[in-house]
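This report refers to the structure that appears directly beneath it.
Keep in mind it's a predicted model, so treat the numbers as computed, not measured.
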Amino acid sequence: MSKTIKSEIKFLVELDENRVPEKLSWTAQDGGVQQEEAKAIMLSIWDSKVQETLRIDLWTKDMPVDEMKLFFHQTLVAMADTFQRATADEKMADTMKDFCDYFAEKLELKK
């Protein structure tokens, strides 16, 4: 019998009186991350019982819009890469990457 290994990732969300995130931080001891500050978090969890994605999207009220645009672009690029690795569907991954290029162009993110 093989020994299982557990790894924990923690998110801490500090809210104002209206329950709006003021501060986000995360810890992943296995990755050497200890209470690292973040301005935004997007987390997707697959519930296979109901065939549905559960999501948590949080950002601090001082997250700059220009950084949010970069965050979204980089997340979309990462999703295209992950899709390719997970499905081996290169044609659709390339289509997703084309959209990422279009997204960046329209937001004038690429120089």
Residue pair Ala93 / Ala80: nearest heavy atoms and the distance that separates them:
CB-O, 4.0 Å

Using atom types as modelled, flag every donor-acceptor pair under 3.5 Å from a side chain in residues 39-47 to any protein atom, sequence neighbours excluded.
unit_1: Lys39; atom_1: NZ; unit_2: Asp62; atom_2: OD1; d: 3.2
unit_1: Lys39; atom_1: NZ; unit_2: Asp62; atom_2: OD2; d: 2.8
unit_1: Asp47; atom_1: OD1; unit_2: Lys49; atom_2: N; d: 3.0
unit_1: Asp47; atom_1: OD1; unit_2: Val50; atom_2: N; d: 3.4

Rounded to the nearest 0.5 Å, what separates atom NZ in Lys23 from atom CG in Leu15?
13.0 Å

Measure the shortest side-chain to side-chain distance between Met92 and Thr87 over non-hydrogen atoms and say whether it is less than 4.5 angstrom.
no

Phe72, CZ atom: more than 12 neighbouring heavy atoms under 6.0 Å
no

Between the CG atom in Asp101 and the CG atom in Leu76, the distance rounded to the nearest 0.5 Å is 11.0 Å

First locate atom NE2 of His73, then atom CD of Glu105, and finally report the distance between them rounded to the nearest 0.5 Å.
10.5 Å

Take a 6.0 Å sphere around CG of Leu107 and say whether it holds more than 12 heavy atoms from other residues, nucleotides or ligands.
yes

Does a side-chain N-to-carboxylate-O contact under 4.0 Å join Glu8 and Lys10?
yes

Restricting to side-chain hydrogen bond (donor to acceptor under 3.5 Å, both in side chains), what partner residues turn up for Arg55, sequence neighbours left out?
Asp57

Residue list, side-chain hydrogen bond (donor to acceptor under 3.5 Å, both in side chains) with Asp30, at least two apart or on another chain:
Ser7

Over 12 foreign heavy atoms within 6.0 Å of CE, Met79:
no

I need the minimum non-hydrogen distance between Trp59 and Leu24, along with the two atoms involved.
CA-CD1, 4.2 Å

Establish whether Val65 and Phe103 are linked, either directly or via other cluster members, by ILVMFWY side-chain heavy-atom contacts under 4.5 Å.
no

Rounded to the nearest 0.5 Å, what separation is found between the CZ atom of Phe83 and the NZ atom of Lys97?
11.0 Å

Using every non-hydrogen atom in the two residues, find where Thr27 and Gln35 come nearest and quote the distance to one decimal.
OG1-N, 2.9 Å

Measure the CE-NZ distance between Met96 and Lys91 for me, rounded to the nearest 0.5 Å.
15.0 Å

dist Glu17:CD -> Glu22:CD (nearest 0.5 Å) comes out at 7.0 Å

Keeping Gln51 on the side-chain end and Ser48 on the backbone end, is there a donor-acceptor pair under 3.5 Å?
yes

Connected via hydrophobic side-chain network under 4.5 Å: Val33 and Leu58:
yes

In terms of hydrophobic clustering (I, L, V, M, F, W, Y; side-chain heavy atoms under 4.5 Å; direct or indirect links), are Tyr102 and Leu70 co-clustered?
yes

How far apart are the C-alpha atoms of Met63 and Phe71, what are their side-chain angles, what is the distance that settles it, and do they pass the side chain to side chain contact (heavy atoms under 4.5 Å, CB included) test?
CA-CA 10 Å; Met63 172 78 168; Phe71 178 57; 4.2 Å; yes

Taking every heavy atom of Ala28 against every heavy atom of Ile9, the minimum-distance pair comes out as CB-CG1, 4.1 Å

